[in-house]
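Reading through the structure tokens given below for one structure.
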Amino acid sequence: MGTSEAKAADRALRDLDGMLPDLASLYKNIHSHPELSMQETRTAGLAADRLRAAGYEVTTGVGKTGVVGLLRNGDGPTVMLRADMDALPIQEATGLDYASKATASDREGKTVPVSHMCGHDMHVTWLAGAARLLADARAAWHGTLMAVFQPAEETAEGAQAMIADGLFTRFPKPDVILGQHVMVGPSGTVAGRVGPITSAADSLQIRMFGRGAHGSMPQASIDPVVMAASTVMRLQTVVSREVAAAEAAVVTVGVLQAGTKENVIPDEAIIKLNVRTFDAGVRARVLAAIERIVNAEAAASGAPRPPEITTLDSYPLNVNDGAASKRVGNAFRAYFGADRVRETGPAPASEDFGSFGSEWQVPSVFWFVGGTDPELYAKAKEANRLNEIPVNHSPKFAPVLHPTLQTGVETLVVATCAWLSA
Ligand SMILES: [Zn+2]
Ligand SMILES: [Zn+2]
């Protein structure tokens with residue numbers, strides 16, 4: 001970290017301590033008022049209010065509920081900071097006094113519990129805090145800051161919705177795009193890497209067609225239950241037999257549905273599966289293998305027509321640019337000290353953050369901020385029980401407020417200053 005970077009970051013972060021009580025109450029406010037994907041109007045309103053109060057030009061309704069704040073502060077690079085805003089249809093079981101009791105109507109019109117069990121409430125709070133601190137310290141840097149609050153990360157729609165709504169044409173092209181996620185890890189630490197940071201994810205629905213008949217007369221049927229069962233077993237060979245030892249992939253069948261009654265052979269079966277990969281070539285091979293196996297198993301059963309394969313959602317591979325992530329890593333090590341900055345492997349989680357950089361052809365960097373009580377983490381690690389700490393999407397996912405809140409604001413400010421103070 002150069003001296004001007006350090007000076008700008010220090011100047012901006014001078015006021016962070018005094019701001020923490022306000023940020024904690026913003027966090028609790030958003031946490032107890034979670035909103036499902038593409039319904040984030042209240043959260044977006046809070047974000048927009050904060051940006052306006054800090055002096056940003058604010059555009060709302062980008063990709064339905066997205067918010068873009070611009071702070072033009074003289075010549076220099078443009079840095080885009082992104083936070084996602086949506087919550088999940090999960091009944092919170094953290095027992096916190098600010099736990100969510102909210103419900104909402106999902107797309108099928110069903111009433112579902114809603115909670116921030118992925119920590120996007122933390123992301124919104126971090127970005128609101130960093131945006132304010134950088135605005136107040138604008139004398140210490142120059143360039144353009146672009147704060148983006150994105151809808152619907154959990155459904156892989158939000159980034160695409162903002163892009164489709166003109167993100168790339170209505171706003172300045174950034175020189176770098178930065179994003180972060182709260183994860184299991186000691187609070188107060190940061191983890192990152194060069195290269196793939198989160199996996200590509202593809203969810204498929206497969207309809208397999210047979211011919212129904214009375215259960216007593218299998219000869220009159222083409223049994224989709226056996227067809228689907230055989231397909232599920234054969235799909236296990238994609239990773240075990242077609243992916244090399246040094247490569248990685250996950251193929252999980254999460255849904256297998258057929259039939260209504262024990263003595264009726266149904267007409268069709270449904271399989272829903274999820275694929276995770278860390279390399280474009282491996283992804284293409286795995287998806288092709290699935291298609292080949294599904295079609296061949298249907299043919300082996302004598303199916304009356306080929307299976308229908310539908311993509312349910314698709315998250316891009318999220319790849320950290322080499323030079324940009326080194327710049328971020330150096331700035332983090334200089335500010336936090338090397339012991340608080342960890343190197344991580346690629347996470348088998350997925351993120352649509354990668355779409356912004358890959359489609360706009362802008363280097364992007366994504367990192368993880370620890371949200372686990374450091375003492376609890378150390379004890380769990382010692383006892384080899386790290387996998388018992390509730391992870392994102394668990395109904396008990398509960399990042400500790402301090403110093404998680406502070407660290408995530410610091411990371412955004414420090415990384416931003418690595419570009420805007422040169
Ligand atoms: Zn999530
Ligand atoms: Zn998330």
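Just so you know, these numbers use all the heavy atoms, side chains as well, and skip hydrogens, waters and symmetry mates. Not measured: the values here are computed from a predicted model.
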Among side-chain atoms of Glu92 and Ser100, is any donor-acceptor pair under 3.5 angstrom? no
Determine which pairs satisfy ring pair (Phe, Tyr, Trp, His ring centres under 6.0 Å) with at least one residue from residues 62-98, sequence neighbours left out, and list them in order. His31-Tyr98
Under the salt bridge (Lys or Arg N to Asp or Glu O under 4.0 Å) test, residues paired with Glu388 that sit two or more places apart: Arg385
Qualifying residue for side-chain contact (heavy atoms from CB on, under 4.5 Å) with Val124, from Ile30, Asp84, Val67: Ile30
Residue pairs, two or more places apart or on separate chains, that pass salt bridge (Lys or Arg N to Asp or Glu O under 4.0 Å) and touch residues 101-128: Arg107-Glu157
Please examine the side chains of Leu46 and Asn29, heavy atoms only from C-beta on, and report whether any two atoms are closer than 4.5 Å. yes
Looking at Glu40, is its backbone amide N or carbonyl O close enough to the side chain of Thr43 to form a donor-acceptor pair, meaning the two atoms are under 3.5 Å apart? no
Report yes or no: do Ser421 and Glu5 form a side-chain donor-acceptor pair below 3.5 Å? no
I'd like to check the salt bridge (Lys or Arg N to Asp or Glu O under 4.0 Å) partners of Arg138; sequence neighbours left out, ordered by chain and number. none
May I have the list of side-chain donor-acceptor pairs in residues 245-258 shorter than 3.5 Å, sequence neighbours left out?
{"unit_1": "Glu247", "atom_1": "OE1", "unit_2": "Ala244", "atom_2": "N", "d": "3.1"}
{"unit_1": "Glu247", "atom_1": "OE1", "unit_2": "Arg285", "atom_2": "NH2", "d": "3.2"}
{"unit_1": "Glu247", "atom_1": "OE2", "unit_2": "Arg285", "atom_2": "NH2", "d": "2.9"}

Heavy-atom pair of closest approach, residues Phe278 and Ala347: CE2-O, 3.4 Å
In Å and rounded to the nearest 0.5 Å, what is the CG to OG distance from Asp202 to Ser314? 4.0 Å
Heavy atoms of Leu23 and Gly129 approach each other most closely as CD2-CA, 3.8 Å
How close do Val114 and Pro34 get, counting heavy atoms only, and between which atoms? O-CG, 3.3 Å
Quick check for you: to the nearest 0.5 Å, what is the distance between Glu308 atom CD and Leu204 atom CG? 13.0 Å
Could you name each residue pair satisfying salt bridge (Lys or Arg N to Asp or Glu O under 4.0 Å) that touches residues 124-136, not counting sequence neighbours? Arg132-Asp136
Test of understanding: with salt bridge (Lys or Arg N to Asp or Glu O under 4.0 Å), list the residues that count as partners of Arg42, not counting sequence neighbours. none
Nearest 0.5 Å please: distance from the CD1 atom of Ile206 over to the CD1 atom of Ile309. 5.5 Å
Taking atom types as modelled and ignoring hydrogens, do the side chains of Ser37 and Asp86 form a donor-acceptor contact shorter than 3.5 angstrom? yes
Considering only heavy atoms from C-beta outward, does the side chain of Phe209 approach that of Asp267 to under 4.5 Å? no
To check you understand the geometry: which heavy-atom pair defines the closest contact between Ala12 and Leu133, and what is its length? O-CD2, 3.3 Å
Would you say Gln150 and Asp352 are linked by a side-chain donor-acceptor pair, where the criterion is simply a distance under 3.5 Å? yes
Mind running salt bridge (charged side-chain N to carboxylate O under 4.0 Å, His left out) on Asp10 and Lys7 for me, showing each step along the way? CA-CA 5 Å; Asp10 286 346; Lys7 257 192 216 151; over 6 Å; no
Atom CD of residue position Glu291 - does it have more than 12 heavy atoms of other residues, nucleotides or ligands inside 6.0 Å? no
Any donor-acceptor N or O pair under 3.5 Å, side chains Glu351, Tyr315: no
If you count the non-hydrogen atoms of other residues, nucleotides and ligands that lie under 6.0 Å from CZ in Arg234, is the total more than 12? no
Asn387, CG: over 12 other non-hydrogen atoms inside 6.0 angstrom: yes
Give every residue pair that meets the ring pair (Phe, Tyr, Trp, His ring centres under 6.0 Å) criterion with at least one member in residues 176-195, sequence neighbours excluded. His120-His181, His123-His181
Give the intermediate values and the outcome of side chain to side chain contact (heavy atoms under 4.5 Å, CB included) for residues Val238 and Ile293. CA-CA 9 Å; Val238 175; Ile293 287 169; 3.6 Å; yes
Quick one: salt bridge (Lys or Arg N to Asp or Glu O under 4.0 Å) pairs with a partner in residues 58-77, sequence neighbours left out? Glu57-Arg72
Counting neighbours of NZ on Lys173 that are heavy atoms of other residues, nucleotides or ligands and sit closer than 6.0 Å, is the number greater than 12? yes
Non-hydrogen side-chain atoms of Ile389 and Leu376 separated by less than 4.5 Å: yes
Tell me which donor-acceptor pairs under 3.5 Å the side chains of residues 183-201 have, and how far apart each pair is, sequence neighbours excluded?
{"unit_1": "Ser187", "atom_1": "OG", "unit_2": "Thr404", "atom_2": "N", "d": "3.1"}
{"unit_1": "Ser187", "atom_1": "OG", "unit_2": "Thr404", "atom_2": "OG1", "d": "2.8"}
{"unit_1": "Thr189", "atom_1": "OG1", "unit_2": "Pro186", "atom_2": "O", "d": "2.7"}
{"unit_1": "Arg193", "atom_1": "NE", "unit_2": "Thr344", "atom_2": "O", "d": "3.1"}
{"unit_1": "Arg193", "atom_1": "NH1", "unit_2": "Pro196", "atom_2": "O", "d": "2.6"}
{"unit_1": "Thr198", "atom_1": "OG1", "unit_2": "Asn318", "atom_2": "ND2", "d": "3.2"}
{"unit_1": "Ser199", "atom_1": "OG", "unit_2": "Ala349", "atom_2": "O", "d": "3.1"}
{"unit_1": "Ser199", "atom_1": "OG", "unit_2": "Ser350", "atom_2": "OG", "d": "3.2"}

Could you pull out the closest heavy-atom pair between Ala131 and Tyr56, with the gap in Å? O-OH, 2.8 Å
Take Gln406 and Leu20 through the side chain to side chain contact (heavy atoms under 4.5 Å, CB included) test and state the conclusion after the steps. CA-CA 7 Å; Gln406 180 182 350; Leu20 283 176; 4.1 Å; yes
Where do Met80 and Val176 land on the side chain to side chain contact (heavy atoms under 4.5 Å, CB included) test, with the steps shown first? CA-CA 6 Å; Met80 171 175 149; Val176 69; over 6 Å; no
Residue pair Arg327, Asp321: steps toward the salt bridge (charged side-chain N to carboxylate O under 4.0 Å, His left out) verdict: CA-CA 10 Å; Arg327 197 155 163 176; Asp321 176 78; over 6 Å; no
Rounded distance [0.5 Å steps], CG in Leu36 versus OG in Ser105: 8.5 Å
Acceptor/donor pairs from residues 158-169 side chains to any protein atom, 3.5 angstrom cut, sequence neighbours excluded:
{"unit_1": "Gln160", "atom_1": "NE2", "unit_2": "Glu359", "atom_2": "OE2", "d": "2.6"}
{"unit_1": "Asp165", "atom_1": "OD2", "unit_2": "Gly63", "atom_2": "N", "d": "2.8"}
{"unit_1": "Thr169", "atom_1": "OG1", "unit_2": "Gly166", "atom_2": "O", "d": "3.2"}

Checking the side chain of Thr372 only, and the main-chain atoms of Pro374 only, is there a donor and an acceptor separated by less than 3.5 Å? no
Nearest heavy-atom approach of Gln180 to Phe366 is N-CE1, 3.6 Å
CZ of Phe336 to OG1 of Thr407: how many Å apart, nearest 0.5 Å? 6.0 Å
Excluding sequence neighbours, so at least two apart, what forms salt bridge (Lys or Arg N to Asp or Glu O under 4.0 Å) with Arg276? none
Rounded to the nearest 0.5 angstrom, the CD1-CE distance for Ile90 and Met117 is 7.0 Å
Trace of the side chain to side chain contact (heavy atoms under 4.5 Å, CB included) decision for Glu410 with Leu13: CA-CA 7 Å; Glu410 289 173 319; Leu13 291 167; 4.0 Å; yes
A side-chain contact here means heavy atoms from C-beta on lying under 4.5 Å apart; do Pro316 and Phe356 qualify? no
